[in-house]
Amino acid sequence: MDDKSSLPFQQPAPGRPRWQRRRPRRSARRTAGLLLSACLCFIAYAQWRQLQLSPPAVPPAASDITVHGLSVKRLQDDLATCSALRKKPQDPIGLGRKRNSRYIDGHAPTLIKNATVWIGEPKEGTSPEAARNGTGYGWTHSDVYLEYGLIQKVEAAISLSSVASDTVVFDARGRPLTAGIIDMHSHAGVGSLPSLWGNEDTNEMSANISPFVRVIDALHPGDPQIQVIKSGGVTTSLVLPGSGNNMGGEAYVIKHAVGKPGGRNETSAADLLADPDRNWRYMKMACGENAKRVYGRPGEAGPMSRMGESWDFRHAFEQATKLVREQDDWCDAAVALGVHNVKNYLPQELRWESLGALLRGQVHLNTHCYTISDLEAFIDHTNEFKFKLRAFHHAHQTFLVPEILKRAYGGDPPASALFADNMYYKAEANVASEFAGKILWDNGLTPIYVSDNPVLNAQHVLFEAAKAYKYGLPYHAALASVTTAPAERLGFGQRLGKIQPGYDADVVVWDSDPLSVGAAPVQVWIDGTAQFKDPVELDKPVVDFIVPDQDLSYIPGEPIQADEVVFTGVTRVLLDKTPVDQTLHRDQGITAVFSKGKLTCLGDCEAELQATVDANTPVIHLKNGYLTESFTAFGSKIGLNAIDAEDDTDNGPNPNSFVRAEDGLVLDNQKLNASYTYGVTKAISAPSFRGGFSHHGTSVGFLTGAKSVVERHTVFASDVSVHYTLDASAKQDGTPSISAAIGTLRRKLLEAHASLRSNETTKDAYSESSFLQKVVNGSLPLVITVHSADTIGALLKVKKAVEELTTTSIRLVILGGAESWLVAEELAAAKVGVVLAPLQSYAVNWDQRLALTGAPLTNGTAVDKLLEAGVVTAIGLEEDWLVRDLGLLAGIVFRNGGGKVDEKGALDLVSGNVYKLLGLKQPGVQEGHFVISEGSPLDIGSRVKAIGGGTGQVTMFAKTVT
């Protein structure tokens with residue numbers, strides 16, 4: 001049944017003729033037609049009326065509202081934003097500019113005459129392969145002309161008649177000239193020094209994902225450290241947010257010319273920007289331990305693991321990707337239809353704007369990552385969300401996985417922004433290598449050396465590159481690692497990092513080869529303006545340029561132990577005592593013979609040499625061999641800690657207990673093995689007070705090469721000295737002030753004196769009071785960890801007060817001593833010695849704010865003032881990783897001291913003087929302690945070849961090729 005069958009059937013009326021029945025049908029049809037026509041007319045009229053009443057599809061020209069009720073002006077602004085969103089930044093040009101956009105009118109040109117110039121690129125025509133191997137690089141004698149903030153000429157013998165009449169002439173006197181140093185990882189200006197809570201703006205830790213915060217909003221141009229950094233030849237820095245967040249925010253590249261003294265017209269964060277046009281943007285992210293440590297709270301907040309971190313990364317990238325797609329769709333529609341016909345405004349969300357810019361290729365990203373798992377996960381993120389990565393920072397394990405780096409999105413592997421040898425400070429920094437830069441370079445990747453200021457003082461970031469050379473990175477690549485390489489990674493490859501016409505006039509003249517130990521600027525120019533009015537210039541001999549040593553390209557192999565060994569070619573012997581006569585022939589060198597780990601002959605040793613033929617004794621031929629005392633680490637935590645931030649590997653803090661380091665000694669770990677490898681065969685370590693560089697208890701002297709505490713001769717001195725700490729960490733747990741802490745120390749010393757006078761004996765020979773009795777009677781040194789000159793002065797008064805009651809002198813030693821130079825004369829008069837830790841102090845905290853930073857800002861550093869005053873001085877270690885650098889630190893004193901110490905005197909700073917201060921006999925060559933190196937251990941190009949560590953054997957290091 002269809003639908004019609006359901007309709008009612010109408011019957012005709014009965015009794016009517018056919019003609020009568022048909023007529024009404026015709027009338028009904030006519031009526032229906034009329035009704036239909038009327039309806040159609042009504043509908044037509046209604047439609048016409050509606051059209052008359054409706055607004056036009058396109059508003060009149062004067063209208064500022066679209067048919068969808070949207071502002072035309074705002075839509076037009078949005079359309080303009082589309083162009084900005086899709087703009088691909090280009091590296092700003094160098095050559096072709098008439099003036100630097102940062103140039104300030106009124107600054108006279110400068111002609112630097114008689115310079116030895118490192119151009120920063122190989123000679124024209126050098127193939128890329130040859131250039132990577134160092135061919136075509138070298139120093140050239142040139143003049144350099146600076147005008148309008150640019151390098152205008154680099155030529156031999158530029159005549160004065162060819163330059164502006166008001167040109168200032170600077171005579172470099174043949175010294176090295178390079179481009180300004182670039183530090184690609186700094187927190188200067190946001191982590192202002194001295195570090196105070198009110199000035200600390202490095203991390204915004206209200207949320208783990210915060211790409212929306214900006215360094216420029218917290219950048220403090222008045223941070224004194226910006227000037228200190230510049231005094232190390234650093235002209236440009238990438239100032240990054242911290243690594244507390246997975247996504248830390250936007251970074252900025254600044255130059256270190258600040259305010260009127262730096263040749264600027266204003267003092268502002270904007271005026272510091274290296275590129276006022278802001279072609280590129282920069283961002284910081286971080287993987288690994290930090291974010292999960294800061295934010296991880298079970299059941300409350302995350303991430304708690306690296307899995308959670310990867311989710312946070314991917315979720316954030318997903319949100320930004322969504323925003324980018326919505327924006328692109330809107331922009332496409334606005335172009336195709338016109339802005340009057342789109343139904344909404346351009347999607348914008350400030351929270352994801354910067355991350356969207358990253359995905360659009362407008363942001364240079366730098367990411368803090370250490371471990372293989374973090375590196376690989378982040379490389380995966382680059383490919384999943386299609387963004388480029390400029391560099392991994394810290395990057396301790398990148399040398400293990402070069403192929404993972406080469407998988408990065410875009411076909412441009414990230415550089416590795418490294419420390420030279422700073423490691424062990426947390427678990428993810430425990431797997432590392434000082435040879436990482438060389439290994440990365442050999443695999444076609446780019447190493448860059450950075451400071452992470454204030455983790456390292458960026459004033460000395462060039463020293464990191466110098467050590468990289470020592471560890472095998474080619475000379476030209478080491479210089480590039482703080483000049484051309486960071487310039488290219490930052491997008492300034494055409495403006496910074498080279499001495500070429502068209503580049504910014506950021507130039508440094510050095511007092512010695514920039515990769516030599518102790519190199520310091522003579523003058524620094526930024527945008528063509530000299531930065532130091534009356535720079536201090538160190539008294540140094542004529543520059544002796546480093547000749548790159550190919551032997552440094554070999555990574556030492558596994559150590560080889562020998563009972564008997566002979567060394568020839570020893571040209572310098574710097575020992576306290578020798579057991580036999582020596583005849584030193586500097587030209588051809590002499591022979592050193594060792595048996596059972598001890599020196600048995602030094603000189604011609606003809607009979608011993610002949611005997612080696614029959615006995616098959618190894619004979620090692622040295623090039624410029626040095627025989628010296630081994631080094632001693634003092635003030636560090638080696639032997640009491642393996643990984644700084646891991647409590648399970650640490651002896652632990654002792655704020656309320658007086659303990660003995662010997663009771664907590666743990667041996668045979670990475671720190672101790674590295675110490676031994678670099679000639680540190682002895683250590684004197686004290687228990688920690690509250691972690692970090694603090695001490696409380698008695699220290700122990702032990703051999704770094706020992707494998708167990710029960711081995712014979714592992715401990716060469718128990719309870720070496722009594723240690724206390726008098727810095728800000730003392731103001732806790734019932735000690736409200738420094739004055740209270742000093743008062744407590746005075747009281748304890750006086751009570752110890754009183755007990756001695758009354759012949760009281762302590763029940764516990766290892767108690768604090770028992771040890772303090774030895775301090776008061778002069779048989780045990782008192783070592784105070786302190787930096788403040790005022791607190792040191794208070795200690796001198798305590799010493800005097802106690803000594804007035806006794807007939808003996810307290811052997812007081814200052815450990816730290818950043819401000820000790822201010823009371824150098826008083827220290828000398830009181831016969832108080834100083835162990836400087838660090839050697840090169842800076843205002844990292846309030847107690848060190850008056851530290852001397854050295855040339856060109858100050859005439860000398862603390863060590864110079866102390867030595868001039870006659871204070872017995874040594875070099876200590878404020879952090880354990882510095883064990884590799886002890887010889888080089890001594891070398892800085894030797895090179896920059898103006899003759900205050902000779903080679904032997906410099907080496908004593910890390911050996912004999914420690915024992916002189918403590919009244920202890922040094923285990924020396926007679927006890928089998930020595931170092932043999934090729935080249936002076938004070939110089940950057942030296943390598944340890946053999947070590948005697950008092951174990952009855954000689955440890956030697958063979959070459960291996962990577």
Side-chain angles (χ1 to χ4, degrees), residues 551 554-586 588-631 667-668 672-673 675-682 702-708 711-714 716 887 907 911 922-937 942-960:
D551 283 348
Y554 292 94
I555 295 177
E558 290 297 316
I560 300 170
Q561 306 292 333
D563 295 325
E564 316 287 331
V565 63
V566 176
F567 296 92
T568 64
V570 176
T571 59
R572 197 86 169 110
V573 176
L574 299 170
L575 299 173
D576 291 338
K577 297 177 182 178
T578 54
V580 294
D581 293 332
Q582 59 170 302
T583 304
L584 186 60
H585 302 290
R586 191 65 187 265
Q588 69 270 27
I590 60 171
T591 298
V593 179
F594 292 87
S595 177
K596 296 182 180 178
K598 294 186 179 180
L599 181 63
T600 57
C601 182
L602 186 63
D604 291 333
C605 305
E606 292 180 1
E608 287 80 358
L609 277 171
Q610 183 60 40
T612 62
V613 176
D614 300 329
N616 199 27
T617 301
V619 179
I620 309 298
H621 302 287
L622 301 172
K623 180 175 65 175
N624 189 25
Y626 269 65
L627 173 58
T628 69
E629 298 288 348
S630 63
F631 308 147
L667 305 176
D668 195 17
L672 290 168
N673 294 336
S675 302
Y676 189 85
T677 298
Y678 285 87
V680 182
T681 69
K682 297 152 289 188
F702 64 98
L703 306 186
T704 61
K707 300 303 180 184
S708 169
E711 286 182 9
R712 187 167 175 249
H713 303 312
T714 289
F716 64 82
L907 289 169
S911 55
Q922 175 180 207
V925 69
Q926 296 93 336
E927 290 77 29
H929 289 271
F930 60 87
V931 176
I932 289 179
S933 58
E934 287 190 331
S936 170
S942 66
R943 274 280 177 93
V944 173
K945 307 304 291 184
I947 297 165
T951 61
Q953 289 185 312
V954 176
T955 303
M956 300 175 292
F957 298 94
K959 293 179 180 178
T960 60

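Side-chain atoms of L703 and T714, non-hydrogen and from C-beta on, never get closer than 4.5 Å to each other. Counting only heavy atoms from C-beta outward, the side chains of L907 and P937 approach each other to under 4.5 Å. Looking at heavy atoms from C-beta onward, E564 lies in side-chain contact with K596 at the 4.5 angstrom threshold. Between R943 and P556, some side-chain heavy-atom pair lies under the 4.5 Å cut-off.
Counting all heavy atoms, side chain and backbone alike, G679 lies closest to I947 at N-CD1, 3.9 Å. Minimum interatomic distance between G603 and I590 (heavy atoms only, all atoms of both residues): O-CB, 3.5 Å. Among all heavy-atom pairs drawn from F594 and V954, the shortest one is CB-CG2, 3.9 Å. Nearest heavy-atom pair across E927 and Q922 is OE1-O, 4.0 Å. Here the closest heavy-atom approach between residue S911 and residue S630 is recorded as CB-O, 3.6 Å.
Note: M956 CE to Q561 CD = 8.0 Å, rounded to the nearest 0.5 Å. In this structure, H621 NE2 and F567 CZ are separated by 11.5 Å, a value rounded to the nearest 0.5 Å. Rounded to the nearest 0.5 Å, atoms OH (Y626) and OG (S936) are 4.5 Å apart. H929 NE2 to L575 CG: the interatomic distance, rounded to the nearest 0.5 Å, is 13.0 Å.
For the side chain to side chain contact (heavy atoms under 4.5 Å, CB included) criterion with K945, the lone passing option out of L622, V931, I620 is L622. Applying side chain to side chain contact (heavy atoms under 4.5 Å, CB included) to L609 and the options V593, D604, V566, T617 leaves one that passes, V566.
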Exercise. Could you walk me through whether Y676 and T955 pass side chain to side chain donor-acceptor pair (under 3.5 Å), step by step?
Key: CA-CA 10 Å; Y676 189 85; T955 303; 3.3 Å; yes

Exercise. Test D576 against E629 for side-chain contact (heavy atoms from CB on, under 4.5 Å), laying out the working first.
Key: CA-CA 7 Å; D576 291 338; E629 298 288 348; 3.5 Å; yes

